[in-house]
> 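Quick one: the structure is below, and I'll ask about it shortly.
Throughout, numbering of the chain's residues begins at 1 and tracks the sequence. The structure displayed is predicted, hence computed values, not measured ones.
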Amino acid sequence: MPDPATPDTGSSADHAGTRRTPPPFARLGLPVLTVQALRRADITEPLPIQAAAVPDAMAGHDVLGRAPTGSGKTLAFGLPILARLAGAPAIARAPRGLILAPTRELALQIERALEPFALGLRLGTAVGGMPLARQGEKLRRGVDLLIATPGRLADLVEQGAAVLDEVRITAIDEADHMADFGFLPQVRRLLDLVPGDGQRLLFSATLDDESVQDLVRRYLRDPVTHSVAAEPETTTATHHLLYVEAADKPAVLAEIAARDGRTLLFARTQYGAEKLTRRLRDQGISVAALHGGKAQNRRIRTLAAFADGGISALVATDIAARGIHVDAVSLVVHADPPADAKDYVHRAGRTARAGADGTVITVVTPDQRAEVAALTTAAGIQVVEHTVRPGDRDIRHLTGARTPPGPTTAAAPANPPAAQHGYFRGRGRPRGGDAKPSSGRRPRRRPSR
């Protein structure tokens, strides 16, 4: 750790010539230029996981961190990686730092979060849904820190566009999410290609998964363990169950989605997300869908529109339950109950972030009552129960629900149903969004010459 008496701490002198206490991030061992970049970004006080993990990561120890999404763990592992990579040139096709993330959105979010603090280092991403050749070309030009999803990185390695024998520090983010998605075999194959004497940082919201523990035992050497916010990040949200008849459910969801404010609705499947989105859009509600069946550029645009208010409601699968941060999501709605308690916790964690207020609603039909009761009990969530019908005062009081605007004949929505963009192809829809419908007449043939 830097000596507080040296200029590199970023401390300043008072009128008597004595040194003041170094800034908090400087006391964690980060270099002065990083501390200054943090200050420019108006980040002056480390969050608990950062204060705990950064000093050990800077000292070169393997670190095992338990912290939920939204706790600041990206900087907890990202800042030490950037600091430890500084001062050496990038190598063609061979990154010196590697961050593995389970989803495209999370990988891109990590890149955005770290970019202001790269200070001359080259960052790159390798994720699915984007041109493989372009990512390979960037690697050939040299990338200091590569942020990748396991599948796409495996493709690049197989093609020879990426080699991992120069990686000196590796971070695995959302390890439990990797396990849920079945990515850990790919992660193990990639880690087997990384030099065994390198530094490893593993972060996860939970550490009780046996496959995650196996990863820790196999690849981390005497890790220093830090755990913060062990309880789910849903403590400042209020949780409600709305019991509805199956026939009333679409109308209730439409009233909730028509509210003012940013609303995130979760469906279990891609098909369910598309179906609900179409129903809501038919009621004049500004809404879009987000799921793994969407092209990456469309997913990026959809998230940006939701973040900047271009759309007020987002219907998503569990792809948005972790690692995606959008400010001021005041209401999370389980349009379909989640599969288990862990999924409930992560979905609900999209609201009531950073101490803000939030509400979590689960819409429950009669056949789902036992299932939802079991998962809320397993999640340790205290819920308030309501039996409602469309138009009930309880719905309006809890969510700010309003009567939907109704069908509209306005211009086509900015984010049309995915079936028009390759999703569910082969069901009688045009293959491309720009395809013109047939007039039913055969085209006139130009006479031959």
Side-chain angles (χ1 to χ4, degrees), residues 49 52-69 71 73-74 76-82 84-85 93-104 106-107 110 125-128 143-158 160 162-228 230 322-323 340 342 346:
I49 189 61
V54 167
D56 285 316
M58 286 297 297
H61 299 299
D62 285 6
V63 174
L64 178 61
R66 178 170 63 181
T69 300
S71 61
K73 58 186 173 61
T74 298
F77 62 74
L79 293 177
I81 291 176
L82 294 172
R84 289 174 62 77
L85 293 179
R93 298 188 304 129
R96 294 178 295 116
L98 174 64
I99 298 174
L100 294 175
T103 66
R104 293 174 274 188
L106 181 54
I110 292 171
T125 55
V127 298
V143 169
D144 295 293
L145 173 59
L146 181 66
I147 306 157
T149 52
R152 176 49 59 94
L153 180 54
D155 291 340
L156 289 164
V157 169
E158 184 176 350
V163 293
L164 304 181
D165 52 10
E166 295 293 335
V167 173
R168 292 294 173 253
I169 180 167
T170 305
I172 304 165
D173 194 16
E174 300 279 11
D176 54 339
H177 204 17
M178 295 273 201
D180 291 342
F181 280 175
F183 292 161
L184 290 190
Q186 281 183 320
V187 171
R188 286 193 290 269
R189 286 193 290 272
L190 292 170
L191 291 179
D192 286 342
L193 300 176
V194 172
D197 59 351
Q199 184 181 7
R200 310 283 167 80
L201 313 173
L202 185 147
F203 283 75
S204 181
T206 60
L207 298 174
D208 54 357
D209 190 291
E210 179 55 34
S211 56
V212 174
Q213 286 296 324
D214 179 68
L215 200 68
V216 172
R217 288 190 293 266
R218 184 169 175 177
Y219 295 104
L220 274 69
R221 299 166 302 171
D222 299 320
V224 181
T225 301
H226 296 288
S227 179
V228 301
R322 297 220 206 157
D340 56 35
K342 185 187 294 187
H346 290 297

> If we ignore hydrogens and angles and just use 3.5 Å, is the side chain of Arg221 paired with the main-chain N or O of Gly198 as donor and acceptor?
yes

> Between the side chains of Asp192 and Tyr219, does any donor sit under 3.5 Å from an acceptor?
yes

> Would you call Leu100 and Thr149 a side-chain contact if the rule is heavy atoms closer than 4.5 Å?
no

> Could you grab the distance from atom CG of Leu201 to atom CG of Leu220, nearest 0.5 Å is fine?
8.0 Å

> Are the side chains of Lys73 and Asp173 in touch, meaning some heavy atoms are under 4.5 Å apart?
yes

> Might you work through the salt bridge (charged side-chain N to carboxylate O under 4.0 Å, His left out) test for Glu166 and Arg93, ending with a clear yes or no?
CA-CA 10 Å; Glu166 295 293 335; Arg93 298 188 304 129; over 6 Å; no

> So Asp176 and His346, do their side chains get closer than 4.5 Å, heavy atoms only?
yes

> Rounded to the nearest 0.5 Å, how far does CZ of Arg66 lie from CD1 of Ile49?
10.0 Å

> How close do Val212 and Ala175 get, counting heavy atoms only, and between which atoms?
CG2-O, 3.8 Å

> Should we count CD of Glu158 as having more than 12 external heavy atoms under 6.0 Å?
no

> Hey, does Arg188 have a side-chain heavy atom less than 4.5 Å from the side chain of Leu215?
yes

> Rounded to the nearest 0.5 Å, what separation is found between the CG atom of Asp144 and the CG atom of Leu85?
6.5 Å

> What are the two closest non-hydrogen atoms of Pro95 and Val167, and how far apart are they?
O-CG2, 3.3 Å

> Quick one: are Thr225 and Val63 in side-chain contact, heavy atoms under 4.5 Å?
no

> For a 4.5 angstrom cut-off between non-hydrogen side-chain atoms, does Leu193 reach Val157?
yes

> Closest heavy-atom contact between Pro150 and Gln186?
CB-OE1, 3.8 Å

> Can a side-chain donor-acceptor contact be found between His61 and Asp222 if the only test is distance below 3.5 angstrom?
no

> Working to the nearest 0.5 angstrom, can you tell me the gap between Phe183 CZ and Leu190 CG?
12.0 Å

> Between atom OG1 of Thr74 and atom CD of Glu174, what is the distance when rounded to the nearest 0.5 Å?
8.5 Å

> State, to 0.1 Å, how close Leu156 and Ala126 come at their nearest heavy-atom pair, and which atoms those are.
CD1-CB, 3.5 Å

> I need the minimum non-hydrogen distance between Pro102 and His177, along with the two atoms involved.
CG-CD2, 3.7 Å

> Given salt bridge (charged side-chain N to carboxylate O under 4.0 Å, His left out), test Asp62 with Arg200 step by step and report yes or no.
CA-CA 5 Å; Asp62 285 6; Arg200 310 283 167 80; over 6 Å; no

> Between the main-chain N or O of Leu145 and the side-chain N or O of Arg96, is there a donor-acceptor pair closer than 3.5 Å?
no

> Does any part of the side chain of Asp56, heavy atoms only, come nearer than 4.5 Å to the side chain of His226, both counted from C-beta?
yes

> Considering non-hydrogen atoms only, spot the tightest contact between Ser211 and Leu184 and give its length.
OG-CD1, 3.4 Å

> Within this structure, what is the CD1-CZ distance for the pair Ile110 and Phe77, rounded to the nearest 0.5 Å?
4.5 Å

> Just wondering, do Gln199 and Arg84 contact through their side chains at under 4.5 Å, heavy atoms?
yes

